[in-house]
Amino acid sequence: MRLSRRSFLASLGGAAAGAATLRALGQEPQSAQQLLEEWTNFEEEFRVSICQQCAGGCGILARVVDGNLVKIAGNPLYPVNQGGLCMKGLAGTQVLYDPDRIRSPLQREGARGSGRWKPVSWEEALRRVAGRLAELRQKGQSHTVAVLGGQYRGLVDGLLRRFADAYGTPNYLRLRCLETDLGPTSGYYLQGLEAPLAYDLERSRYILSFGCNLLESWASTVNQQKAFGRFRERAGGEGTQLVMVDPRYSVTAAKADLWLPVTPGTDAALALGLAYIIIQEGRYDAEFVRDRCFGFDDWQDASGTHHLGFKTLVLEEYAPEKVAAITGVSVERLFQVARGFAASQPALALCERGPAFNGSDLYTRLAVHSLNALVGSIGREGGIVRQGTVPLKPWAALPEDPLARAGRKRPRIVRAADRSDLHGEHVAARLPRHVLAKDPYELNALFLYYANPLFSWPEREQWARALAAVPLIVSFSPFMDETTRQADLILPDCTYLERWRDDEITHLAGITAFGIGEPVVPPLYDTRATEDVILQIAGKLGGPVAAALPWQRFSGLLREKAEGLFAAQRGHIVMPQQPEGFEAVLARQGYWQQTSETFEDFWGALLKKGAWWDPNDTYVGPRQLIKTPSFRFEFYSQLLRKDLEQAAAGMARADPSQGAAALERLAGSLGIQARGDRMFLPHFEPGPAEGGEQEFPYLLNTYKLMSLAGGKGGNVPWLQQEPAVHLDGGWDSWVEINPEEAARLGIEDGDRVWLESRQGKIQVRAKVFAATAPGVLNMPFGWGHRAYGRWAQNRGQNPNDVLAARVDPVRGLPALSGTRVRLSKA
Amino acid sequence: MAEHDWRKEEDAILLEPVFSTGWRFYLTLAGLGALVLWGVVSYVVQYERGLGVTGMAFPVSWSFYIVNFVFFIGISHAGTLISAILRLSQAEWRRPITRIAEVITVLVLGIGGMNILIDLGRPDRIQNLFLYGRYQSPLLWDATSVTAYLTASSVYLYIPMIPDIAVLRDHSPGGWRRFLYEVLALGWEGTQLQHRILNRAIAIMAVLVVPIAVSVHTVVSFVFSMTLQPMWHSTIFGPYFVVGAIFSGIAALIVVMAVLRKVFHLEDYLQPIHFNFLGLLMLVMVLLWCYFTFAEYLTTYYGNEPNEMRVFMTKFSGKYAPFFWAMVVFNFGIPFPLLAFNRTRTIAGTVIASLSIIVGMWLERFIIIIPTLANPRLTQYAQGSYVPSIVEIGIMAGCVALFMLLYVLFSKLFPIVSITEVREGREKTVEIVKERLQRYRPGLGKLPQVPA
Amino acid sequence: MPRWGMVIDLDKCTACQACVVACQVENNVPFVEETEYRRSRSLSWMKIVSETEGRYPDVKTRYIPRPCMHCDNPPCTRVCPVHATYLNPEGLVAQIYPRCIGCRFCIAACPYTVKYFNWYDYHDRIPAELRRGDNPDVSTRPKGVVEKCTFCHHRLMKAKDRAALENRPLRADDYVPACVESCPSRAMYFGDLADGESQVSRLARSPRAFRLLEALGTKPKVVYLAERQLYG
Ligand SMILES: Nc1nc2c(c(=O)[nH]1)N[C@H]1C(S)=C(S)[C@@H](COP(=O)(O)OP(=O)(O)OC[C@H]3O[C@@H](n4cnc5c(=O)[nH]c(N)nc54)[C@H](O)[C@@H]3O)O[C@H]1N2
Ligand SMILES: Nc1nc2c(c(=O)[nH]1)N[C@H]1C(S)=C(S)[C@@H](COP(=O)(O)OP(=O)(O)OC[C@H]3O[C@@H](n4cnc5c(=O)[nH]c(N)nc54)[C@H](O)[C@@H]3O)O[C@H]1N2
Ligand code: SF4
Ligand code: SF4
Ligand code: SF4
Ligand code: SF4
Ligand code: SF4
Ligand SMILES: [Mo]
């Protein structure tokens with residue numbers, strides 16, 4: 001848009017101010033006339049795109065003046081955030097304009113990690129990569145190439161998978177954490193769903209969150225906060241109550257109606273303790289349980305064998321007194337919450353990621369999710385809803401290519417040789433062990449995309465050794481992070497503001513939508529969007545690889561995909577919300593009205609508004625949401641039984657034991673303590689004991705801050721300056737300590753303290769915080785970079801330096817909390 | 001024309017510093033000059049880089065400079081006010097000390113005012129005070145009354161000095177000094193008429209100066225009390241500040257007197273009795289100051305308003321307690337016993353008491369200003385502390401040194417004890433006192449009527 | 001004449017600090033580096049302040065977003081010797097940066113401690129690359145002057161101009177400050193308090209409404225709605 005000259009000067013509060021800004025922009029003011037001309041002829045544009053500071057996927061509206069990105073705001077039309085934005089998203093300009101970005105492809109000079117680089121041309125860099133890839137492929141080694149991805153959204157995931165498939169490697173791995181990425185969990189085992197669970201937070205009346213940090217992280221915090229705003233708007237009779245189960249007094253806990261500090265790692269016991277009260281007092285949805293659930297009561301299978309039911313299990317093993325002792329939650333509280341949860345319908349119990357990385361992830365999720373079935377929240381408004389699918393045009397079949405097929409068919413590198421690891425193939429964190437052991441094969445090339453394991457995960461020495469063993473490391477990062485420093489070649493990506501963005505919104509909030517955005521500004525430096533680079537590499541590889549990825553540019557692929565939306569005859573391009581009209585009513589009944597005549601129109605409008613949305617795809621009855629073999633919600637998971645038995649059978653090939661004995665062996669190797677039917681039922685598994693309570697009296701809990709997106713954000717001064725509301729920190733990390741404990745140790749607020757585990761020790765700033773539980777120390781994740789530019793480097797400490805090498809019993813996920821530590825004044 | 005030898009003058013010793021210069025003078029000058037230079041360099045650094053070079057921050061955004069401003073302005077009450085009060089009350093013993101006092105006022109007032117300028121973030125925009133001045137701002141009240149006081153004090157210093165300047169003129173061998181004295185002497189010949197006019201002018205100025213002086217420190221206090229801030233927003237701040245000002249002023253005067261007495265060998269002029277009398281006056285001020293402090297703190301404490309109490313408690317037992325209690329010791333603990341007993345109210349005793357009070361009153365200004373800023377009403381929102389930076393210390397040292405330097409220079413140019421007044425005293429005191437006694441001593445007036 | 005005011009619902013506010021950063025980006029509020037930060041020199045026109053009461057496990061932390069209150073009876077403007085801060089006819093308490101002499105009297109006089117001083121030329125210290133992101137609608141402040149929340153005054157001027165260009169009166173949603181715009185939970189409301197029917201006026205009459213340090217008589221135009229307690 002263009003403003004009048006008068007308005008513009010007025011908006012500056014006078015020409016003097018204008019000159020000041022001009023100076024600030026690094027231009028010398030020239031003559032007054034010239035100045036005025038420049039200022040009155042500016043170009044102002046608003047462009048839609050999608051945030052990628054975290055994986056929340058909020059829509060943004062960028063204001064670009066004279067080619068400079070001067071403001072990022074929320075896109076008011078975007079289904080996820082509807083105009084709101086979080087501090088990370090808002091601070092995105094400082095990511096784009098970070099002075100320490102990588103400005104061109106770099107080739108390593110000198111030893112790895114020496115920090116000596118030589119700028120090279122894209123042509124040369126691509127030739128080198130493609131040459132090596134072609135060579136490996138020719139040698140039948142294509143499976144020894146891996147792509148390690150981190151947190152991102154959009155079709156780039158599909159593109160990388162396609163590339164891996166076409167090239168011939170099973171090793172497109174992602175270091176991820178929420179249910180959407182972890183392979184089968186509660187949604188699959190209890191409901192038989194392939195799609196992730198979707199929670200209708202906004203309409204729920206009672207939310208019991210087991211470590212899901214709704215107001216600071218999780219999926220899109222903006223979306224969750226929007227829902228929270230609604231809870232409060234409806235306060236009074238119909239308000240939604242939020243109960244936060246978390247050993248730490250997080251901001252979410254502070255804002256919740258009730259905070260339940262729980263002994264870390266005992267959430268499953270807590271959930272089942274609540275189930276006990278609900279069942280005992282007959283407060284569960286008897287009809288739902290009778291008609292739609294399986295395995296609630298004891299049952300007999302076809303062979304007449306008696307099986308344990310959920311009810312018996314719970315009533316026998318999770319009496320309130322016992323649960324109170326395990327979890328540290330008082331019996332009164334248990335009753336209060338169980339009754340509240342059962343009485344306020346619809347109610348939701350959430351467990352994704354939070355406690356999952358602390359104790360037995362799988363069984364905790366199963367235990368919590370069974371609460372949702374108990375109160376009949378499956379498939380209803382305000383409960384578990386459907387994650388719809390976005391009707392993008394499907395990928396064409398891969399061209400016939402024996403080389404690729406052979407490569408694809410190799411086991412993933414993270415897979416145990418005997419396949420006894422159940423979900424191991426989804427756990428990229430297992431990569432170093434396998435690389436070092438060359439098990440099942442060695443790795444010849446590693447591509448890093450949005451992943452910085454040398455900072456983000458525990459056991460960093462092991463990661464470092466594993467990386468050292470890989471002959472070629474290529475990083476796509478636009479920032480010189482710890483792992484990128486170890487690369488041989490850097491093919492710098494554009495930041496998310498300089499490239500095409502898209503998002504197939506498969507969201508925990510159950511939104512069926514597709515977001516898209518053109519580059520907000522052209523690339524500042526000689527960088528290229530990784531999506532385009534992948535296509536270019538494929539082109540250089542030629543043959544079937546190129547044929548599988550025929551697009552010149554990623555934008556072409558996006559356009560083609562969007563044709564599916566146009567053809568789908570449902571949903572619409574987002575528009576300002578209208579009051580509920582006739583059309584909306586019709587739409588809900590399945591009528592669809594065409595708004596764009598041609599695809600050209602549709603595409604143009606889509607790029608302008610930023611998203612396509614089908615809001616009527618979410619609410620469906622329980623029937624569509626339960627796809628188990630019994631077509632019932634299975635408290636007793638037959639799918640889990642099948643998986644475990646299959647894994648046991650896989651093991652049996654190496655070891656001749658059969659049936660129950662084989663299962664037992666498997667359980668032993670997976671670290672499952674339960675035996676028999678319990679293995680297929682939600683139950684509480686105490687986490688792996690580390691021991692040493694005397695020597696290391698505290699449990700270290702690490703967590704995410706609103707202000708930092710994992711390892712990202714350290715390079716954003718605005719975020720560094722205001723990282724935490726509850727503690728008033730800044731430019732540094734800290735560890736939170738209970739005041740009495742601190743007094744006992746002679747530690748005062750702001751003192752430097754040593755935090756020591758068996759793994760190592762770090763010196764951090766102490767924050768004496770009244771809400772900290774006595775036996776727990778809380779330390780935020782995000783500081784302690786040893787690279788990543790001037791703002792991030794050498795600030796604060798990284799808790800991963802002291803985290804023990806503990807993994808989740810069933811699946812081998814690294815435990816990010818619960819390491820035993822001790823504390824002393826430095 | 002061969003001038004008279006000044007050495008032959010009566011009170012020649014008073015002229016000695018003016019006409020003979022020793023190496024000590026240059027040494028002093030060099031020492032003080034170096035300190036002043038430190039101050040100037042510090043200020044240049046501050047001007048160039050911004051007030052960031054100070055220890056100030058959020059929310060303690062006023063500190064050393066404002067403390068010094070209040071402190072110096074307080075000291076300035078030494079002179080003109082005391083001298084005027086003594087003149088008006090016809091205290092005969094005032095004669096050798098009036099000028100000593102008045103010079104303090106003029107110099108220190110300038111330096112005090114300068115501290116406000118030093119404190120400005122944008123001294124380059126000082127013209128805005130004239131262009132856009134807003135008279136609601138107590139800061140402008142300050143500017144006005146400080147200017148008025150400075151003008152009045154300068155005039156009040158200058159007028160009684162005219163006869164002395166004439167003496168200097170008469171003894172000057174020529175050159176710029178002679179020219180200076182000629183001009184400043186305004187053609188003083190010592191005629192009857194000139195004397196009458198002079199005395200009249202002095203009397204008028206003496207009357208004028210008192211309310212201005214009182215107003216100055218009152219409005220200085222208004223800078224604080226006109227805000228709503230805890231432990232600033234107080235109605236007794238005006239008189240409280242005035243009392244504190246006179247208190248510190250007398251202390252400064254005594255110290256300066258003692259130094260001059262020693263350096264210029266003025267034992268004959270500045271007698272123990274002067275110190276004794278000023279000591280008594282100071283004793284009264286000790287008690288008055290205590291009274292005000294007590295009243296101020298008790299009302300706060302008794303009212304027990306949480307915001308006020310937070311400030312109170314940081315002073316009383318918190319972070320600022322060392323300063324608070326040091327202030328009590330320096331302003332009361334040390335001076336009171338020294339001044340209360342005749343045996344200790346000696347020169348040495350009063351000087352020790354005065355030095356203590358000077359430190360104590362600086363602390364008092366500090367303890368009034370900083371804790372309130374550090375504990376605003378919404379304390380949980382912003383709490384701060386303050387440690388001065390080297391720049392502030394440099395500038396403060398520079399200010400103190402500048403005061404001394406200017407004082408030394410003044411005493412190099414003009415007799416620091418008024419020759420005229422001393423002579424007049426010598427000639428007329430007995431007469432005057434007798435006459436006065438006659439007027440009010442009961443019975444004495446009627447004495448002549450009693451038949452022999 | 002409108003009287004612009006803000007309502008912040010503390011029940012809905014999640015202390016997410018979106019408003020804080022939105023303000024910094026919108027108003028070119030410079031960040032300060034660690035050394036300056038440690039000396040508590042950072043500038044934050046909008047700040048979330050927190051207060052924790054009690055002991056584990058019976059604790060409660062409360063959060064309050066704190067912009068300038070734009071007092072109708074502002075103690076800060078009266079003390080300014082050069083008229084560099086003043087209450088404008090629409091109720092905004094404005095700053096004139098080029099006039100401010102940096103005496104900091106207004107800082108000392110503001111009971112809400114919302115004013116910030118440019119101890120150094122912080123903006124000059126920011127690398128040129130980052131300064132490309134400056135908002136051209138808002139002047140940057142040099143060293144030695146005071147700044148604070150302006151209720152995004154420049155947005156009002158632009159909104160008025162836009163309305164004038166389109167030949168229509170100013171609409172309620174034409175003028176929305178940056179912080180309000182970005183608030184994810186929609187805890188902030190902005191509008192005309194002089195219009196008794198506006199949303200802010202209605203909310204300001206709520207029984208939950210209160211103002212900070214109301215007893216001082218400063219008449220803040222930022223109204224808070226108290227947090228509710230749902231759970232026993
Ligand atoms: N602001 C922000 N948002 C983000 C991210 C970010 O880095 N910053 N990252 C994104 C990513 S990648 C992810 S995976 C998600 C993660 O989102 P969440 O899963 O919500 O992860 P955290 O924020 O770390 O919160 C985990 C909480 O679990 C608590 N906790 C630890 N142990 C236990 C336990 O045994 N039981 C219970 N009940 N609680 C426990 C911790 O104290 C912590 O408060 O967030 C995403 N969103
Ligand atoms: N102690 C502890 N450790 C944790 C956690 C915890 O809670 N506690 N959380 C864990 C979780 S849930 C996660 S998901 C991980 C997150 O950790 P990672 O998955 O490593 O993710 P980030 O550190 O957020 O970002 C990875 C890298 O992406 C690169 N990057 C940034 N922008 C771009 C871009 O535009 N293009 C490209 N190609 N690359 C870019 C940056 O170089 C950055 O280093 O951390 C885990 N680590
Ligand atoms: S939650 Fe924040 S950082 Fe994550 S996508 Fe949304 S705006 Fe961006
Ligand atoms: S943006 Fe809204 S919810 Fe977030 S802190 Fe500010 S007022 Fe509260
Ligand atoms: S909050 Fe402070 S700065 Fe803002 S108007 Fe009120 S007194 Fe002035
Ligand atoms: S600092 Fe500036 S705005 Fe504040 S009172 Fe002084 S001149 Fe006025
Ligand atoms: S109204 Fe504008 S200036 Fe004030 S806090 Fe909000 S964004 Fe900042
Ligand atoms: Mo994650």
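Chain identifiers are assigned alphabetically (A, B, ...) following the order of the sequence lines, protein sequences preceding nucleic acid strands; residue numbering begins at 1 within each chain. If you're wondering where the values come from, they're calculated on a predicted model, not measured in any experiment. Values reported hereafter were calculated over all heavy atoms of this structure, with side chains retained and with hydrogens, waters and symmetry mates removed.
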Highest number of heavy-atom pairs under 4.5 Å with chain C: which of [options]?
| options | answer |
| --- | --- |
| Gly89(A), Ala254(A), Pro76(A), Gly67(A) | Ala254(A) |
| Ile72(A), Leu85(A), Asp98(A) | Leu85(A) |
| Val64(A), Asn738(A), Asp732(A) | Asp732(A) |
| Arg795(A), Lys255(A), Glu740(A) | Lys255(A) |
| Val725(A), Leu96(A), Leu727(A), Val222(A) | Val725(A) |

Checklist entry - Ignoring hydrogens and geometry, is there a side-chain-to-backbone donor-acceptor pair from Ser220(A) to Cys58(A) under 3.5 Å? => result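 Not at all, since once roles are kept as given, no pair shorter than 3.5 Å links the two residues.
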
Item to check | Any donor-acceptor N/O pair, Arg234(A) side chain to Arg205(A) backbone, under 3.5 Å | outcome: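 Not a single qualifying donor-acceptor pair exists.
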
Checklist entry - Going by the angle between their ring planes, with limits at 30° and 60°, are Phe769(A) and Tyr249(A) parallel, tilted or perpendicular? => result tilted

Checklist entry - Do the rings of Trp731(A) and Trp791(A) sit parallel, tilted or perpendicular, given the 30° and 60° boundaries? => result tilted

Could you check whether [Y] and [X], counting side-chain N and O atoms only, form a donor-acceptor pair closer than 3.5 Å?
| X | Y | result |
| --- | --- | --- |
| Gln199(C) | Arg202(C) | no |
| Ser42(C) | Gln721(A) | no |
| Ser44(C) | Glu722(A) | yes |

What part of [X] gets closer than 4.5 Å to chain C, counting heavy atoms only: side chain, backbone, both or neither?
| X | result |
| --- | --- |
| Gln720(A) | neither |
| Ala724(A) | backbone |
| Asn223(A) | neither |
| Asn81(A) | neither |
| Leu524(A) | side chain |
| Arg101(A) | neither |
| Ser707(A) | neither |

Could you look at [X] and say if it's the side chain, the backbone, both or neither that has a heavy atom under 4.5 Å from chain A?
| X | answer |
| --- | --- |
| Glu33(C) | both |
| Val20(C) | side chain |
| Arg38(C) | side chain |
| Val29(C) | backbone |
| Leu43(C) | backbone |
| Pro127(C) | side chain |
| Ala22(C) | both |
| Ser182(C) | both |

Item to check | Ring centroid separation Phe151(C) to Phe190(C) under 6.0 Å | outcome: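 That pair passes the under 6.0 Å test.
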
Next on the checklist: If the test is side-chain contact (heavy atoms from CB on, under 4.5 Å), which one of Gln24(C), Arg141(C), Arg125(C) qualifies with Pro30(C)?
Outcome noted: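 Going through the options one by one, the only one that passes is Arg141(C).
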
Next on the checklist: Is the shortest side-chain heavy-atom distance between Glu26(C) and Arg155(C) below 4.5 Å?
Outcome noted: yes

Item to check | Arg171(C) bridged to Glu166(C) by N-O distance under 4.0 Å | outcome: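 No, this pair does not count.
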
Checklist entry - Among Leu130(C), Ile48(C), Leu156(C), who wins on heavy-atom pairs under 4.5 Å with chain A? => result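 Sorted descending by pairs with chain A, the first entry is Leu130(C).
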
Item to check | Interatomic distance, Tyr97(A) atom OH to Asn715(A) atom CG [nearest 0.5 angstrom] | outcome: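 Interatomic distance, Tyr97(A) OH to Asn715(A) CG, rounded to 0.5 Å: 15.0 Å.
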
Item to check | Those residues that, when tested against Arg790(A), pass salt bridge (charged side-chain N to carboxylate O under 4.0 Å, His left out) (two or more places apart) | outcome: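 Arg790(A) satisfies salt bridge (charged side-chain N to carboxylate O under 4.0 Å, His left out) with Asp100(A) only.
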
